[in-house]
Colleague: 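Provided herewith is a single structure, encoded as structure tokens, for subsequent inquiry.
Lettering follows sequence order; numbering is per chain, from 1. Only a predicted model underlies this, so the values are computations on that prediction, with no experimental measurement involved.
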Amino acid sequence: MARNVLYPLYQLGGPQLRVFRTNFFIQLVRPGRAQPEDTVQFRIPMQMTRLDLRNYLQSIYGVPVAAVRTRVQHGSNRKRDHRHVRVKKPDFKVAYVQLAHGQTFTFPDLFPEKPPDTEGSADSDLQDYLLEQEQQRQISDPRRGGVPSWFSL
Amino acid sequence: MAASRCWRLLPPSRRLSLHTAAEVAVAAPEATASDVAPAREARYPPIVASLTAKSKAARQRRIERWQAQVHAAEAVDEKLRILTKMQFMKYVVYPQSFALNADRWYQGFTKTVFLSGLPPAEPEPVPEPAPDLASLRAAACDCLLQEHSYLRRKRRAHLYREGEAVASPFLGQLVAALVGLLSAHNPTLATAAVDSKRPVHFYWMRGEEIIVSGHRKGRVDALRYQIDDKPHNQIRISKQLPEFVPLDYSVPIEIPVMNCKPDKLPLFKRQYENIIFTGTKTADPYCYGHTQFHLLPDKLKRARLLRRNCGNQIEVVFRANAIASLFAWTGAQAMYQGFWSQADVTRPFVSQGVITDGKYFAFFCYQLNTLALTTQADQNNPRKNLCWGTHSQPLYDTIEDNEVKGFNDDVLLQLVRFLLKRPKEDHSQVLEN
């Protein structure tokens with residue numbers, strides 16, 4: 001329900017634990033291996049369970065969830081720094097969420113390659129004009145033959 | 001390698017010439033004797049690939065040797081033993097699976113096309129006296145009421161198994177009652193074997209993958225599957241049921257192809273005994289299947305699926321169970337007759353299935369047209385297995401005050417039609433009589 005918080009012990013007859021502003025933050029990631037169309041991959045905090053994730057997605061984002069499967073990814077402890085001391089990469093939990101009602105999801109291409117043709121010709125002309133102006137400002141007296149200006153009295 | 005080095009020490013030509021000279025000396029008088037010159041015999045053993053090298057040709061030769069062993073085996077038990085003796089990691093396919101869209105995956109694993117509705121019924125040549133529907137309905141209602149209201153149970157059911165505790169004995173008694181009442185109309189039922197909770201196992205290979213890690217990394221490996229099923233009841237007969245459509249019937253529907261590994265279903269690998277079993281051993285004359293009855297567990301009941309936003313998975317559960325269980329049963333029946341992936345079936349194997357959760361019934365018919373599912377055998381194989389199925393319909397609406405309300409006669413009629421199916425020879429016998 002929340003990270004780094006002591007959950008109150010439940011006893012028979014007690015109230016249902018409700019958390020209104022949760023401490024959990026999740027990340028939607030691109031799957032490393034090919035997944036079915038209805039599967040979305042998340043990195044979630046280690047303290048979050050699959051029930052928590054289902055409630056999280058359904059209450060906050062209104063995403064209908066059919067099934068959730070989780071696993072814990074071990075972060076490597078193999079690398080060593082200059083003092084031969086092991087450097088640990090943090091562990092994290094991965095959740096595979098299958099969407100309900102036949103919905104599908106593909107991770108979008110965040111950095112599409114810009115093809116050169118669609119670049120506006122006006123933009124490139126402007127850039128060239130500005131570059132020329134800069135060069136003209138900086139060109140010194142041609143009679144000096146390229147000798148810098150500080151080489152004088 | 002050492003042998004070839006030794007050969008190179010001696011000039012080969014001299015050896016050859018010695019050999020040929022001797023042969024010519026012997027053969028010359030024979031040749032002159034016969035009018036037609038005989039064909040030259042091969043002097044050296046055939047040049048074949050190595051058996052133990054790490055090469056594709058060597059692997060192919062090992063596979064061919066193994067397949068030749070299976071072809072050469074005479075008894076079916078021996079064939080099955082050679083096919084299943086090597087154990088490797090295999091996917092365990094559960095017919096009653098909680099996985100989403102399992103039926104589309106299972107269609108790919110078993111090369112099955114799913115067609116909604118039941119296969120076209122053959123017109124009855126001899127009008128038989130119709131079975132008395134009232135007595136059958138009374139028997140079914142009696143079974144229902146017995147389990148739901150009359151019987152007082154001493155022990156409460158196990159946790160989350162209340163539905164099964166009532167539905168399981170009801171289904172067993174319904175099957176027994178209907179088989180008993182209809183055996184007068186269908187002589188095959190009178191002599192059939194009715195099993196209760198007998199295991200059915202099937203092992204097959206389909207598709208290939210490249211091994212990702214381990215000492216066999218980078219090599220091509222077949223994907224192996226195993227189904228271990230326990231139908232609630234099954235009826236076995238001694239003669240085969242008639243086919244629904246011809247063996248090479250081509251359906252324009254494509255089998256769904258999934259873009260990822262079966263692990264994403266989720267499907268897990270295990271290594272244990274590879275078993276192929278229809279419910280009895282190979283020597284049993286009742287080796288052909290008639291009908292299977294399956295009971296869905298409480299884990300997959302409708303209310304639970306709806307609570308978890310899986311309303312569209314209700315029918316998927318029925319379909320996946322039917323495809324997997326009936327494929328395993330028909331496949332095992334075909335292997336009991338000596339067919340396997342390199343010796344494909346010459347006649348279609350047909351079985352029927354009824355899947356229920358106690359209230360809702362769905363009917364399925366399966367026709368096995370091909371067992372050649374391995375990559376090698378599937379290259380030029382246009383045949384596909386076919387599975388027909390209906391949507392699930394309720395048998396009754398409610399049970400109140402020791403009375404069954406809203407009894408659905410269509411479901412009962414369909415059950416009766418399924419049980420009245422008989423092999424073709426019996427028809428001709430009836431005609432003669």
Side-chain angles (χ1 to χ4, degrees), chain A residues 10 12 16 18 26 28-44 48-78 93-109, chain B residues 91-94 96-109 114 116 160 207-213 217 223 254-269 297 299-320 391:
Chain A
Y10 173 78
L12 192 68
Q16 168 80 56
R18 287 172 214 282
I26 63 176
L28 216 188
V29 294
R30 176 193 293 281
R33 306 260 168 101
Q35 298 284 340
E37 301 98 29
D38 60 347
T39 304
V40 190
Q41 188 166 336
F42 290 97
R43 285 196 187 180
I44 62 179
M48 204 170 175
T49 62
R50 48 183 78 186
L51 289 169
D52 286 337
L53 182 62
R54 180 189 282 267
N55 293 335
Y56 188 101
L57 288 173
Q58 283 176 308
S59 347
I60 300 177
Y61 294 98
V63 171
V65 167
V68 183
R69 293 187 297 277
T70 55
R71 67 176 178 92
V72 174
Q73 176 61 53
H74 164 76
S76 146
N77 201 11
R78 190 165 228 225
K93 199 179 251 192
V94 180
Y96 302 91
V97 172
Q98 284 188 295
L99 302 172
H101 311 312
Q103 292 175 0
T104 56
F105 178 80
T106 39
F107 198 85
D109 191 9
Chain B
Y91 287 113
V92 182
V93 174
Y94 290 97
Q96 295 178 334
S97 166
F98 54 81
L100 302 185
N101 298 327
D103 65 333
R104 296 189 70 227
W105 286 89
Y106 289 1
Q107 281 181 56
F109 298 154
F114 185 81
S116 55
Y160 301 127
E208 273 172 356
E209 64 162 358
I210 298 191
I211 301 175
V212 167
S213 61
K217 183 176 171 179
L223 288 173
E254 286 297 321
I255 297 168
V257 171
M258 314 305 283
N259 297 328
C260 32
K261 283 172 65 175
D263 293 78
K264 312 296 172 206
L265 174 57
L267 206 59
F268 299 100
K269 282 192 172 180
K299 215 173 166 188
L300 301 171
K301 63 185 178 191
R302 288 173 116 88
R304 198 160 180 269
L305 289 173
L306 284 165
R307 239 185 298 138
R308 294 174 159 261
N309 297 331
C310 296
N312 58 351
Q313 300 294 316
I314 295 172
E315 294 301 324
V316 166
V317 158
F318 284 94
R319 285 200 292 259
H391 284 280

Colleague: At their closest point, which heavy atom of A/E37 faces which heavy atom of B/N259, and how far apart are they?
Modeller: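 Nearest heavy atoms, A/E37 then B/N259: OE2-ND2, 4.2 Å.
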
Colleague: Just wondering, more than 12 heavy atoms not from A/F107 lying within 6.0 Å of its CZ?
Modeller: yes

Colleague: Does OH in A/Y10 sit with more than 12 non-hydrogen atoms of other residues, nucleotides or ligands closer than 6.0 Å?
Modeller: yes

Colleague: Can you confirm whether more than 12 heavy atoms, excluding those of B/K269, are under 6.0 Å from its NZ atom?
Modeller: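 More than 12 heavy atoms, drawn from other residues, nucleotides or ligands, come within 6.0 Å of this atom.
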
Colleague: Is it the case that atom CZ in B/R104 sees more than 12 heavy atoms from other parts of the structure closer than 6.0 Å?
Modeller: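 At most 12 heavy atoms, drawn from other residues, nucleotides or ligands, come within 6.0 Å of this atom.
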
Colleague: If we only count heavy atoms from C-beta on, is the B/N309 to A/Q58 side-chain gap below 4.5 Å?
Modeller: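 A side-chain contact exists here, since the closest heavy-atom pair is under 4.5 Å.
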
Colleague: Please look at B/N101 and chain A and tell me whether the side chain, the backbone, both or neither of the residue comes under 4.5 angstrom of a heavy atom of that chain.
Modeller: side chain

Colleague: So do the side chains of A/Y96 and B/P266 get within less than 4.5 Å of each other, counting heavy atoms only?
Modeller: no

Colleague: Give a yes or no on this: more than 12 heavy atoms of other residues, nucleotides or ligands lie within 6.0 Å of atom CZ of A/R71.
Modeller: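 Counting neighbours around CZ of A/R71, more than 12 heavy atoms of other residues, nucleotides or ligands fall under 6.0 Å, so yes.
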
Colleague: Just verifying a value: how many Å separate B/K261 NZ and A/Q35 CD, rounded to the nearest 0.5 Å?
Modeller: 11.0 Å

Colleague: B/K264 and A/A34: which non-hydrogen atoms are nearest, and at how many Å?
Modeller: CE-O, 3.6 Å

